[in-house]
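All remarks here apply to the structure that follows.
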Amino acid sequence: MTSDSRSGAARRSVAALVCAALAAGGLTAAGVAVLAPKEASASSHREAPLISGTPQYDNTDVYAFVSPDKPDTTTIVANWIPFEEPAGGPNFYTFAEDARYQLHIDNDGDAQDDLVFRYTFKTHVKNKNTFLYNTGTVDSLDDPDLNVTQTYDIELVKMKKGHAVSRTKLADDVPVAPSNVGKASMPDYAKLRHQAVYRTAGGAQTFAGQADDPFFLDLRVFDLLYGGNLSEVGNDTLKGYNVNTIALQVPNHMITQSMHQPVVGIWSTTQRKNAHGDWTQVSRLGNPLVNEVVNPQKDKDKFNASHPRDDAQFLKNVTEPELPKLIEAIYKIKAPAEPRNDLVDVFLKGVEGLNQPPHVRPAEELRLNTSIKPTMHPKRLGVLDGDKAGFPNGRRLTDDVIDAALQVVEGELVGAKNDLGDAVDKNDKEFEKSFPYVALPTEGSRGPLAKGTSGDTDVRSQLGDALRPAGADGSTDTTLIAASAASGAAGVLLIGTALAWWRRRVRRPY
């Protein structure tokens, strides 16, 4: 953990907001406890036991912000499939066909969704007689050489008291941007990204496809909080990994209750069909890190299957958090006094006067005031540094939620001033300036060039020449055949050597 500097005035500003809310009758632990917990119906990367084994359904992060280039719209970005290795072929990364990927909107603060944007996906394979994801250079999303493709539908479900009252199809058979296999396969991936942006009726935009993981942090916090002596900080653990992204940009009036109530609560879920054919919720995410470091092991899977209206059952995890106690035990930084009503106010209700809706029912949602315009120069600590357009008023891609959350958990808003952080202050890649804003995915062929080649080598042409059985004039090219034969013999020898090695290792006859 490291320190950073910011203005004392900005720090006092947010502290005053929260303290005023608490003093004016802001929520106490007893106040939340009157919400009777009900039976539960698994952010973060691999944060719960069950969901960590099914990455296609694992929701890693949710972002929600007023669009910087279109301030009359809100952009929601939700990511799935953590730790995508860019060269992880031949079966690259697809959305699950037996899943519903959902973005939820609560526009009246009652901890129940009023709108659900539901994404469902289909996979299409042109040639099932090859192992290849693409059979040649891919220049467009409808390129015949893109062997494995996906499309998706979007349905808008209007809800009332937990029940669907209407359904509207917003989009049908929209193409998904593919996994970025590499330079030889997809020489202009930015073009494919652009083609995957789809405009719906009513002024909305949607995107689904691979992107660089925008979450930046040092995940070695789990090695007893950065090695027990702060020797493990400053390394962006997610650098170079990709995710599958769903991004939706909608006019503010489409999701807010009214001009007078511009605050919305946002979260995402994944539903999966069970053995009986029924839909079951298996992942849920609003604010970052909640299920990763706030909920203990016994509650992680339960939280992923639960609904915000039932969040009273997890209240103790917020008012008596484990993280400050661990920091005190390891680094001797005194944990703030409990119960932590400041955390309840910021993360379950929203900050009064900023992003708290009237008559709010406390729940774990990412709350955004859509009437606060974006700033030209966002500050990474958001509200903590006087930037009211940032976290925890929604979450922008550039917000340093690790540092901000760590400082608040360590008592920044209740008098324990600190500048703690993990020394990872920004993403390794620049974000895009327009929708969907996420950075392009890291490509599979990002490694060093092979010995004897240069950046000018056209691998695609060489591959095509090697596979061509005849010369340019139609006659047999004996030189090429001889070269191919020699290459084939070398390949057989290499495979035989590998099999011999394997037999020695496993001591099993073939």
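This chain uses plain numbering: 1 for the first residue, then up along the sequence. Since the structure is predicted, the reported quantities are computational estimates derived from the model, not experimental observations.
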Student check: side-chain heavy atoms of D114 and M159 closer than 4.5 Å: no
Flag if over 12 foreign heavy atoms under 6.0 Å of NZ, K373: yes
Contact check, side chains of Q150 and P178, non-hydrogen atoms, under 4.5 Å: no
Residue pair V77 / V438, side-chain heavy-atom distance below 4.5 Å: yes
More than 12 heavy atoms from other groups under 6.0 Å of CD on E430: no
Ring-ring centroid check Y101 Y119, cutoff 6.0 Å: no
Parallel, tilted or perpendicular: rings of F303 and F314 (30°, 60°): perpendicular
Side chains of D106 and Q112, donor plus acceptor under 3.5 Å: no
Polar side chain donor-acceptor pair, R284 to S306, under 3.5 angstrom: yes
W279 and R100, any side-chain heavy atoms less than 4.5 Å apart: yes
Over-ring placement of R395 relative to F215, 6.0 Å and 45° cut-offs: yes
Output field: ring centroids F207/F435 closer than 6.0 Å: no
side-chain contact (heavy atoms from CB on, under 4.5 Å) evaluation trace for K388 with L354: CA-CA 8 Å; K388 294 183 179 180; L354 179 64; 3.8 Å; yes
Aromatic ring proximity F65/Y437, centre distance under 6.0 Å: yes
Pairwise side-chain contact, L406 with I327, heavy-atom cut-off 4.5 Å (strictly under): yes
Main-chain N/O of N79 paired to N59 side chain as donor or acceptor, under 3.5 Å: yes
Proximity of W80 and Y57 rings by center, below 6.0 Å: no
Within 6.0 Å of CD in E97, more than 12 heavy atoms from elsewhere: yes
Side-chain touch L289/I402, heavy atoms, less than 4.5 angstrom: yes
F391 and L381, any side-chain heavy atoms less than 4.5 Å apart: no
Atom NZ of K429 with >12 non-hydrogen neighbours under 6.0 angstrom: yes
N242/D213 under side-chain hydrogen bond (donor to acceptor under 3.5 Å, both in side chains): CA gap, chis, key distance, verdict: CA-CA 5 Å; N242 298 324; D213 192 336; over 6 Å; no
Any side-chain heavy-atom pair of T74 and N252 under 4.5 Å: yes
Heavy atoms from other residues, nucleotides or ligands near NZ of K325 exceed 12 (cutoff 6.0 Å): yes
Parallel, tilted or perpendicular: rings of Y152 and F121 (30°, 60°): tilted
Value rounded to 0.5 Å, distance of OH in Y63 from OG1 in T398: 10.0 Å
